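Down below is the structure, laid out as structure tokens.
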Amino acid sequence: LAATTNLDAQKAFNSSDHYLAQPLIKNIYTADPSAHVFKGKIYIYPSHDVEAGVKENDNGDHFDMRDYHILSMSSIPGKVTDHGVALSVKDISWAGRQLWAPDAAYKNGTYYLYFPVKDKQDVFKIGVATSKSPTGPFKAQPKPIEGSFSIDPAVFTDTDGNSYMYFGGIWGGQLQRWSNGKYDENGSKTDLGKADEPALTAKVAKMSKNMLEFDGPVRDVQIVDKEGKPLLTKDHNRRFFEGGWMHKYKGKYYFSYSTGDTHLLAYAIGDNPFGPFTYEGIFMNPVEGWTTHHSIVEFKGKWYIFYHDTQLSGKTHLRNIKVAELKHNADGTISMVETYKK
Ligand code: FUB
């Protein structure tokens, strides 16, 4: 276990409202932070980046992560505790390689860790592991979630207790290979290339009461413009790429996501968890490094965004997580979050 008091972040928080966030921990590389409040504390479920010695390629093979560490904080800013290994790829019977961005949920005394990993055929599926503690160790179910595919699970529990999983990521995340409902390894390499057709988008499924399965069909997360028309493939600055997240603010459902190859964080607002969601704007410009992935959480009356960049390493696959305050404006829009630049 390791604890770091993040003095840089503390100073930055104290000095101004519009501070530039600093890496939350420096003892390991972390990315894709999914933050939740469980029993009054912040728990962060990030990817654990490592230098695996795998050559960089278009498929993201160099993101060859092997385990998860869970972090916690009692206050923001404040001490960050690294709770050590919570789940390893070697303990997931069906897994092949690459533990990518996870998320977590809590229900009736059990914590659920959702994780994307390639199976032994090199196809990304989403698995679930359980624990009685938010920091694990977690025990993985013997099979992936039936009907799951691709990457970046984000599980949102609504105020009525129902939970939903948002998932999907294009390119290395393989979403485009499922466009006909079945995995097609010779399918499109990126976004189907159909510039004037509705863009490939994230998926959503309701979770079963036991949180281990989907309850009902996997649906498209429809993102539309102000006229109600679906965003098109060629609309790279607005359409979904990966890293979806859901939060609820004043009764509205905010689906936020990375535009991926244009590196923006964008959001769209809907009236229910399934959407459709109307595109509203961007709230973060590109960070240092190729990937952008975030989560949004309310804690002690304030909203925060957890995200990553590559400030510590300068390398796209060795990232560091950060936190900054997120401000909703009176009209429900989200203010821009400032990013670090070299
Ligand atoms: O960390 C591996 C992948 O990079 C994630 O699954 C994506 O969201 C991107 O951040």
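Both counts, for ligands and for their atoms, begin at 1 and track the order of listing. Because the structure is predicted, anything quoted here is derived from the model rather than measured.
Shown are Leu24, Thr81, Ile321; of these, the side chain to side chain contact (heavy atoms under 4.5 Å, CB included) with Leu71 is made only by Ile321.
Taking distance alone, with nitrogen or oxygen atoms compared against 3.5 Å, His308 stays at or beyond that limit from ligand 1. Residue-to-ligand polar distances keep Asp49 apart from ligand 1: every N/O pair is separated by 3.5 Å or more. Below 3.5 Å of separation, one finds no N or O of Thr292 facing any N or O of ligand 1. At a 3.5 angstrom cut-off on N or O pairs, Trp100 does not count as close to ligand 1.
The two residues Tyr253 and Asp158 have their closest heavy-atom pair at OH-OD2, 2.6 Å. Across all non-hydrogen atoms, the minimal contact from Leu99 to Val89 is CD1-N, 3.8 Å.
For the 3.5 Å distance criterion, the side chains of Asp103 and His36 qualify, holding a donor opposite an acceptor. Side-chain contact of Lys206 with Ser163: a donor-acceptor pair under 3.5 Å is absent, judged by distance alone. Looking only at atom types and distance, the side chain of Ser72 has a donor-acceptor partner in the side chain of His83 under 3.5 Å away. Thr291 and His308 share a side-chain donor-acceptor pair at under 3.5 Å.
Taking every heavy atom of His293 and a limit of under 4.0 angstrom, the matching atoms of ligand 1 come to 7 (C), 8 (O), 10 (O). Interface of Ile151 with ligand 1, defined as ligand atoms under 4.0 Å from a residue heavy atom, comprises 6 (O). Short contacts between ligand 1 and Met65, defined as distances under 4.0 Å to a heavy atom of the residue, involve ligand atoms 1 (O), 2 (C). For ligand 1, the atoms lying closer than 4.0 Å to a non-hydrogen atom of Ala101 are 6 (O). Under a 4.0 Å criterion applied to the non-hydrogen atoms of Asp152, ligand 1 contributes the atoms 5 (C), 6 (O), 7 (C), 8 (O).
If you look at Arg319 next to ligand 1, the close heavy atoms, those under 4.0 Å, all belong to the side chain.
For an aromatic pair to be called close, the ring centres must be under 6.0 Å apart, and Tyr43 with Tyr106 fails this.
Scanning the protein heavy atoms around atom 10 (O) of ligand 1, the nearest turns out to be Asp32 OD1, 2.6 Å. Looking at atom 7 (C) of ligand 1, its nearest protein heavy atom turns out to be Glu242 OE1, 3.4 Å.
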